[in-house]
Q: 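Take this structure, written in structure tokens, and hold onto it; I'll ask about it next.
Below, chain A is the first sequence line, B the second, and so on; all start at residue 1. Just so you know, these numbers use all the heavy atoms, side chains as well, and skip hydrogens, waters and symmetry mates.
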There are 2 protein chains.
Amino acid sequence: MSAGPLHRRIYSDLEDRILSGALAPGRRLPFEHELMQDYGCSRATVSKALSELAARGLVTRRRRAGTFVAQPKAHAAFLAIPDLRAEVTERGQVYGYRLLTQIERGPADPAEAELAAGARLLDLTCLHSADSIPLALERRLIGLKAAPQAIAVDFKRVSPGSWLLESEPWTEAENRIGAMGADAKSARLLQIKRGAACLCVERRTWRDGLGVTQVRQIFPGDRYDLVALFSSARSGGRAGEPRR
Amino acid sequence: MSAGPLHRRIYSDLEDRILSGALAPGRRLPFEHELMQDYGCSRATVSKALSELAARGLVTRRRRAGTFVAQPKAHAAFLAIPDLRAEVTERGQVYGYRLLTQIERGPADPAEAELAAGARLLDLTCLHSADSIPLALERRLIGLKAAPQAIAVDFKRVSPGSWLLESEPWTEAENRIGAMGADAKSARLLQIKRGAACLCVERRTWRDGLGVTQVRQIFPGDRYDLVALFSSARSGGRAGEPRR
DNA sequence: CGTCGTGGTATGTCTAGACATATTGATCGC
DNA sequence: GCGATCAATATGTCTAGACATACCACGACG
């Protein structure tokens with residue numbers, strides 16, 4: 001019966017009671033000492049299970065009061081945005097990458113100045129393709145203050161996304177996902193009609209408050225979807241499924 | 001100095017060494033018994049800190065071998081998709097909601113049949129607006145097998161999203177985010193041009209493998225962005241920022 | 001040379017306590 | 001009635017052990 005460790009079984013039992021509605025939001029869970037008796041184990045084991053429930057946001061714990069089922073707040077999902085190369089090859093397609101432009105320059109607006117932090121920027125444009133069909137147009141800025149080694153990298157051979165993922169860790173990121181019509185230049189490079197709907201992903205990352213990179217990727221809307229999965233049992237995610 | 005509990009300090013110290021690059025990916029962390037000596041605490045305390053690092057994906061632990069810094073895999077972000085009403089009012093705008101159509105019917109294709117699971121479906125169309133400007137067109141199907149009470153709800157007054165969030169818990173969800181040009185009907189309802197780029201969010205949710213609902217929300221690309229944040233210190237997210 | 005045990009080791013799980021801390025609910029004084 | 005105080009209580013943190021389990025390295029044996 002008891003497949004895994006006891007604390008996991010306690011976790012699962014309580015999770016089931018919450019998700020099935022048997023324990024409604026706001027209701028109090030059994031006290032730790034009650035669960036100790038129910039399962040015949042020590043308090044540390046019970047507490048580990050409850051702590052995991054709390055870490056996942058299913059319950060909130062209050063001293064003296066007890067542990068309560070949390071109010072459902074929002075749909076939340078884990079969005080994974082892996083390296084495009086890995087993603088395309090995993091789909092069984094041939095990945096292609098081409099560097100279009102590369103210049104080193106100073107910041108041109110306040111947002112870029114924040115990224116530059118007094119130093120200069122590397123400004124790259126490149127194109128990713130799957131089976132020779134353009135998949136994404138990428139415009140990337142790299143802050144040379146945070147990532148000075150970038151200046152020595154040959155981005156004709158390695159895409160900036162791959163290099164940064166391996167070389168420059170980040171602590172914070174903001175992803176902005178929107179839709180826009182393709183402008184004339186983007187449309188030509190992506191081989192789509194001008195004004196065609198595109199998915200636009202903008203990502204900015206920082207390491208300890210210092211800007212590392214900001215990137216804007218434009219995907220033709222009919223060639224790419226982002227997919228975010230959520231499972232309360234175990235959360236995972238993937239991106240870039242082929243369109244249905 | 002020691003602000004909080006010891007296990008958190010150990011966690012933070014190790015996290016800093018990983019994110020700063022002092023401990024590169026693949027490198028082995030100190031053994032638990034070494035950390036015990038370093039911090040002068042018991043193994044349980046050290047293990048709690050390491051377990052939290054592992055839960056966050058910063059390290060992987062292998063019996064007999066030790067604990068190792070994980071390879072950075074992918075950009076991952078926590079995407080929160082809250083209730084549209086809460087989102088709009090939080091932005092200081094007036095939320096508007098209108099039910100356009102509501103019918104009860106049987107499934108019309110294989111995907112709908114999976115959701116229906118032998119029972120019938122509730123098929124709703126509604127429009128969300130912010131300050132009287134259309135923000136999202138929503139087409140929603142509710143599986144009456146999983147959510148039979150839905151048939152008695154007055155969706156002219158309460159939006160299906162709000163009702164489901166409170167009444168029908170789910171255990172798994174899949175979100176698909178893409179871009180598409182508005183078709184004629186959607187364009188008219190959203191008061192945009194036909195073919196204008198729109199963000200399209202499709203979400204399907206299940207409870208214990210039984211389909212609860214599937215929804216497709218269409219947002220004008222110039223009125224709505226999804227935002228997903230990630231911070232290694234503490235992950236959170238929000239959605240629906242006004243466009244810059 | 002290859003293969004099968006076998007022992008050592010680091011983590012995984014768990015116990016039976018201890019003290020700390022925050023919060024609640026009741027009691028007391030005004 | 002109302003506010004301040006105080007004790008009861010549930011969780012938060014931690015200890016010093018114990019045994020289990022997986023895995024690697026090494027050695028013995030075919």
Q: Let me know, please, whether Ser47(B) or Phe31(B) comes out on the 5' side of the other along DNA chain C by nearest nucleotide.
A: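 Between the two, 5'-proximity favours Phe31(B).
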Q: Quick check: closest heavy atoms across Phe219(A) and Val201(A), and the distance to 0.1 Å?
A: CE1-CG2, 4.0 Å
Q: When the distance from CG of Leu6(B) to C1' of dA16(D) is rounded to whole Å, what number comes out?
A: 16 Å
Q: How many Å lie between CZ on Phe68(B) and P on dC23(D), as a whole number?
A: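 After rounding, the gap between these two atoms is 13 Å.
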Q: Using whole Å, what does the distance between atom P of nucleotide dC14(C) and atom CG of Leu50(A) come to?
A: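 Atom CG in Leu50(A) sits about 14 Å away from atom P in dC14(C).
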Q: Thr45(B) has a side chain; which of dT15(D), dG12(C), dT11(D) sits nearest to it?
A: dT15(D)
Q: Working to the nearest 0.5 Å, report the span between CD of Glu114(A) and CD of Gln214(A).
A: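 So the CD of Glu114(A) and the CD of Gln214(A) are separated by 8.5 Å.
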Q: Of all the choices, dA22(C), dG12(C), dT13(D), which nucleotide is nearest to the side chain of Arg61(B) once you look at every atom?
A: dG12(C)
Q: For the residue pair Gln149(A) and Trp163(A), establish whether any side-chain heavy-atom pair is separated by less than 4.5 Å.
A: yes
Q: Separation of Glu34(B) atom CD from dA10(C) atom C1', in whole Å?
A: 11 Å
Q: Figure out the OH/C1' separation between Tyr39(B) and dT15(D), and round it to whole Å.
A: 18 Å
Q: Testing the basics here: between Leu23(A) and Leu29(A), what is the closest heavy-atom pair and its distance to 0.1 Å?
A: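 Closest heavy-atom pair between Leu23(A) and Leu29(A): CD1-CG, 4.2 Å.
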Q: Tabulate atom names and distances for all N/O pairs under 3.5 angstrom spanning the protein and nucleotides 17-20 of chain D.
A:
| unit_1 | atom_1 | unit_2 | atom_2 | d |
| --- | --- | --- | --- | --- |
| dA18(D) | N6 | Arg43(B) | NH1 | 3.4 |

Q: Is the distance from OP1 or OP2 of dT11(D) to the nearest side-chain N or O of Thr67(A) less than 4.0 Å?
A: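 Yes, Thr67(A) has a side-chain N/O under 4.0 Å of OP1/OP2 on dT11(D).
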Q: Which residues satisfy the side chain to side chain donor-acceptor pair (under 3.5 Å) test with Gln37(A), sequence neighbours excluded?
A: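 Listed in chain order: nothing, the list is empty.
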Q: What is the distance from CD1 of Ile10(B) to P of dT13(D), rounded to the nearest Å?
A: 13 Å
Q: Name the closest nucleotide to the His7(B) side chain, picking from dC14(C), dT23(C), dC14(D).
A: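 Of dC14(C), dT23(C), dC14(D), dC14(D) is nearest to the side chain of His7(B).
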Q: Could you state the NE2-P distance from His33(B) to dT11(C), rounded to the nearest angstrom?
A: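 Interatomic distance, NE2 of His33(B) to P of dT11(C): 8 Å.
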Q: Checking salt bridge (Lys or Arg N to Asp or Glu O under 4.0 Å) for the pair Arg203(B)/Glu172(B): CA distance, chi angles, key distance, verdict?
A: CA-CA 10 Å; Arg203(B) 179 163 50 251; Glu172(B) 293 126 78; over 6 Å; no
Q: My understanding is that only one of Thr67(A), Ile10(A), Leu58(A) makes a side chain to side chain contact (heavy atoms under 4.5 Å, CB included) with Leu53(A); could you say which?
A: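 Between Leu53(A) and the candidates, side chain to side chain contact (heavy atoms under 4.5 Å, CB included) is satisfied uniquely by Leu58(A).
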Q: Side chain of Ser42(B), heavy atoms from C-beta onward: which of dG12(C), dT15(D), dG12(D) has the nearest atom to it?
A: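 Selected nucleotide: dT15(D).
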Q: Whole Å only: how far is the NZ atom of Lys48(A) from the P atom of dT11(D)?
A: 18 Å
